[in-house]
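Below you'll find the structure, written out as structure tokens, and then a few comments.
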Amino acid sequence: MTTLLERSIEYLKGVGPKKADLLKKELSIFTFQDLLMHFPYRYVDKTKFHKIRELAPDSGDVQLRGILRRISAMGEGAKKRLVGRFRDETGVIELVWFRGVYYLENSLTVGAEYVVFGRVNSFGNRLNIPHPEMEEVTPENTVSAQTFAPVYPSTEKLNTKGLDAKGRRKIMQVLFEKITPADLPENLPEYLIKKFHFSSRYKALKDIHFPKSQRDLDNATNRLKFEELFFLQLRLLQLKQRRKGAIKGFVFGKVGDNFNRFFKEKLPFELTGAQKRVIKEIRKDLGSGVQMNRLLQGDVGSGKTMVGLMCMLIALDNGYQACMMAPTEILAQQHFQSITEYVEGLGINVDFLSGSVKGKKRRGAILEKLASGETHIIIGTHALLEDPVVFKNLGLAITDEQHRFGVKQRARLWKKSSPYPPHVLVMTATPIPRTLAMTLYGDLDVSVIDELPPGRKPVTTVHRTENHRLRVFGFMKEEIAKGRQIYVVYPLIEESATLDLKNLEEGYEAISREFPLPEYAISILHGRMKSKDKDFEMARFVNGETQIMVATTVIEVGVNVPNASVMIIENTERFGLSQLHQLRGRVGRGAEQSFCILMSSFKLSNEGRERIQTMVRTTNGFEIAEADLRLRGPGNIEGTQQSGILNLKIADLARDGKILQNAREIAMRILDKDPKLEHPLNIPLRVYLEKNGQKFKGWSLIS
Ligand code: ADP
Ligand code: MG
């Protein structure tokens with residue numbers, strides 16, 4: 001039997017098949033429950049009235065009370081519109097409708113008193129209100145009964161089919177005439193409701209749609225936000241708990257020669273405290289008999305590669321192979337080179353595979369050695385995921401700069417070994433705000449390298465506009481005279497690729513004129529170049545044969561040229577914050593003072609300016625990530641789009657960090673004491689999760 005809330009939306013009085021179709025198509029509202037859970041995105045305070053005389057072009061939404069003096073249809077055909085004159089005791093304003101002209105002309109009463117609600121628009125130097133909501137003031141419909149009116153996300157189609165703000169409110173009202181508290185059983189345990197003074201679930205849901213006061217609204221919002229984040233965390237933590245119980249892993253019980261010899265004979269520097277701590281955390285996982293799924297977060301330059309390498313050596317010590325996967329050819333090559341150098345003389349075979357490895361014979365040889373176990377460590381791009389790539393015994397898979405990999409690709413990794421999936425270490429340099437990490441990776445273990453190697457000087461960052469160009473050139477010359485190298489980076493986005501490329505080429509020419517041969521040599525690098533040419537140019541710059549690298553963001557990820565100490569970013573306003581942070585991370589890797597110059601046009605949007613100011617103010621990746629989250633919202637943070645996790649109904653990860661933190665801690669405490677939620681007091685939790693658990697399915701494959 002279907003419960004009331006499971007009923008199909010067309011059976012709600014006033015909806016019917018046509019509107020139901022629209023609700024399904026436009027808003028994915030299929031059932032009573034869906035409608036109930038589709039919350040207003042704002043409210044209109046209907047207790048307050050504006051005076052016409054006080055209205056200004058920026059007044060926004062206003063509510064007026066007065067008399068409709070006149071209406072007249074004007075124009076013809078598509079331009080036909082209805083214009084009304086509306087008056088209160090302070091003045092007159094025009095109301096305009098472009099749709100539903102005939103209907104409105106017949107249903108509005110000239111001379112009657114109305115409450116008018118809408119958004120002020122300025123037309124020339126006159127004000128009007130397009131498509132206002134009109135409510136006639138009648139004895140039954142006293143305005144004093146009005147409080148906060150909900151406004152729902154809508155679409156053009158819905159608006160024209162009677163499901164505009166007023167129509168939506170109407171069907172919500174009908175819904176609430178049907179729903180009783182019994183239809184909305186409590187899903188939080190009594191002790192939580194008491195502790196936080198939450199409203200009941202029924203009251204919270206009713207108040208979120210029809211609050212009678214600001215206080216009711218705040219209480220409802222609080223409870224529903226908590227509820228949403230709490231169940232999310234409860235579910236994620238349960239998944240983690242279950243995975244730990246169910247998915248066995250290879251046991252890497254010992255640390256042997258490879259690790260120890262490397263540590264004593266090869267390690268070129270002292271590990272930082274954070275690196276040591278993280279290696280310990282990983283070692284513990286690897287020895288536990290449970291498959292590791294760990295996210296390693298560390299700001300650019302914090303030394304993640306070394307941690308990855310040392311973990312791979314532990315895999316080798318236990319007789320297993322290891323792989324490291326990077327998102328770009330250049331980065332994979334660099335890892336290959338540096339790791340080959342690091343382990344030289346230890347008898348470890350390191351190999352490389354990417355799409356650019358051509359020739360059947362060459363590829364065949366690589367694959368054969370991998371399958372036979374002759375290759376101990378393989379480094380490459382996502383080519384490593386392809387089917388012909390077979391390992392003898394892959395024990396540890398590391399992916400670098402994780403956000404470039406799709407969920408499916410990562411799942412393929414799991415199938416590369418048996419009987420257990422390999423241990424997985426995901427390394428990312430995109431600092432993810434804590435709140436987001438808790439949600440996105442709530443079921444993973446997270447290690448953080450929160451310390452940079454000693455002796456790093458923070459990059460000095462400045463903002464410059466076009467009129468400083470000559471001085472910037474002068475500064476570049478000084479730095480080159482000191483033997484340093486310089487990046488000049490241009491934005492390149494898919495949609496305006498041709499124009500961007502032209503920008504880059506013009507920039508390259510201007511720089512070539514200013515820095516002529518033979519005194520100077522310049523490299524250029526962009527995504528349209530052949531892989532071979534890219535590598536050639538990159539190599540020239542790495543070897544110090546060129547002093548300036550003019551490039552698009554292909555250099556963004558992971559590339560390491562310690563002698564490069566100046567990063568000049570062109571059209572800075574077009575880059576996102578996390579990208580800017582990544583780019584700046586390319587310098588400041590050596591012992592020298594490094595500089596980042598953010599070039600932009602003089603005119604900037606507020607958001608663009610704030611991004612630049614953030615970059616100038618701080619070099620802390622987490623602080624930058626928080627700012628990014630605040631400015632752009634969680635849906636736009638790299639790595640989150642495909643996850644689908646962030647379709648939150650009411651909570652906002654950018655603003656509700658505290659609630660999230662709280663919800664997570666409480667969820668942890670409850671699961672600690674009662675892992676299966678069997679305690680009588682926790683039954684509402686289990687019942688609710690069992691009913692609503694479906695939508696959480698598949699999250700554990702995020703890694
Ligand atoms: P990221 O975390 O951005 O991947 P890398 O692994 O590329 O950072 O390391 C950046 C640089 O710091 C490399 O040149 C690396 O050799 C160096 N490095 C790593 N760990 C240390 C350390 N403990 N002390 C000094 N230098 C280090
Ligand atoms: Mg790196």
Side-chain angles (χ1 to χ4, degrees), residues 256-269 271 275 279 296 301 303-359 361-384 389 391-401 422 425 427 453 531-532 534-545 555 557-563 589-590:
D257 274 357
N258 289 303
F259 186 95
N260 287 329
R261 279 188 61 197
F262 176 81
F263 191 76
K264 285 198 202 102
E265 298 166 23
K266 290 290 193 176
L267 189 63
F269 38 69
L271 293 175
Q275 283 171 316
I279 292 172
L296 174 57
K304 293 183 292 293
T305 317
M306 185 49 72
V307 169
L309 171 59
M310 293 182 75
C311 295
M312 292 202 286
L313 296 179
I314 298 175
L316 268 48
D317 278 338
N318 288 273
Y320 290 90
Q321 294 168 297
C323 73
M324 187 184 278
M325 215 163 36
T328 65
E329 175 90 20
I330 293 177
L331 188 56
Q333 293 258 11
Q334 234 183 28
H335 281 331
F336 175 64
Q337 275 159 16
S338 63
I339 287 176
T340 308
E341 273 167 40
Y342 278 139
V343 302
E344 206 195 323
L346 294 179
I348 295 171
N349 299 328
V350 185
D351 212 343
F352 179 82
L353 184 70
S354 79
S356 74
V357 175
K358 290 273 157 27
K361 244 174 121 185
R362 255 182 86 206
R363 267 190 111 80
I366 293 171
L367 295 179
E368 215 167 273
K369 281 192 270 178
L370 193 61
S372 73
E374 193 181 330
T375 297
H376 302 116
I377 292 176
I378 189 151
I379 294 169
T381 59
H382 51 265
L384 289 174
V389 179
F391 290 82
K392 177 163 180 259
N393 58 358
L394 176 65
L396 170 66
I398 299 180
T399 70
D400 194 14
E401 314 292 348
L425 181 67
M427 306 200 292
S531 177
K532 203 175 77 214
K534 277 195 260 182
D535 293 346
F536 177 76
E537 283 302 323
M538 196 64 217
R540 289 211 308 152
F541 188 66
V542 173
N543 299 332
E545 290 164 37
I555 60 148
V557 176
V559 187
N560 196 12
V561 183
N563 191 50
R589 305 193 144 228

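Just so you know, these numbers use all the heavy atoms, side chains as well, and skip hydrogens, waters and symmetry mates. Heads up: numbering here begins at 1 and tracks the sequence.
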Minimal non-hydrogen separation, Leu370 against Gln321, with atom names: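 For Leu370 and Gln321, the tightest heavy-atom pair comes out as O-NE2, 2.9 Å.
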
Heavy-atom nearest pair, Ala383 first then Gly355, reads CB-N, 3.8 Å

Kindly compute the distance separating [atom1] ([X]) from [atom2] ([Y]), expressed to the nearest 0.5 Å.
X	Y	atom1	atom2	value
Phe263	Leu313	CZ	CG	12.0 Å
Gln334	Asp400	CD	CG	10.5 Å
Ile339	Met306	CD1	CE	8.5 Å
Arg261	Asp317	CZ	CG	11.0 Å
Met310	Ile279	CE	CD1	4.5 Å
Phe259	Ile314	CZ	CD1	5.0 Å

For Glu537, which residues count as a salt bridge (charged side-chain N to carboxylate O under 4.0 Å, His left out) partner, sequence neighbours excluded? Arg540

With sequence neighbours left out, write down each residue that passes salt bridge (charged side-chain N to carboxylate O under 4.0 Å, His left out) with Arg362, or none if nothing qualifies. none

How about [X] and [Y]: do any of their side-chain heavy atoms sit closer than 4.5 Å?
X	Y	answer
Met427	Val307	no
Leu384	Met324	no
Thr375	Lys392	no
Phe391	Ile378	yes

Partners meeting ring pair (Phe, Tyr, Trp, His ring centres under 6.0 Å) with Phe541 (sequence neighbours left out): Tyr487

Report, as yes or no, whether the 6.0 Å neighbourhood of atom CZ on Phe269 holds more than 12 heavy atoms from other residues, nucleotides or ligands. yes

Residue of the set Cys311, Pro422, Cys323 for which side chain to side chain contact (heavy atoms under 4.5 Å, CB included) holds with Leu396: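 The residue from Cys311, Pro422, Cys323 that satisfies side chain to side chain contact (heavy atoms under 4.5 Å, CB included) with Leu396 turns out to be Cys311.
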
Going by side-chain contact (heavy atoms from CB on, under 4.5 Å), name the residues that satisfy it together with Asp257, two or more places apart in sequence or in a different chain.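 Testing Asp257 for side-chain contact (heavy atoms from CB on, under 4.5 Å), a comparison that skips the adjacent residues, returns none.
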
Step by step, would you call Val561 with Met538 a side chain to side chain contact (heavy atoms under 4.5 Å, CB included)? CA-CA 10 Å; Val561 183; Met538 196 64 217; 4.1 Å; yes

Please tabulate, one pair per line, all N/O donor-acceptor pairs under 3.5 Å involving side-chain atoms of residues 341-352, not counting sequence neighbours.
from	atom 1	to	atom 2	distance (Å)
Asn349	ND2	Glu374	O	2.8

Can you list everything that forms a side-chain hydrogen bond (donor to acceptor under 3.5 Å, both in side chains) with Asn563? Sequence neighbours excluded, please. Gln485

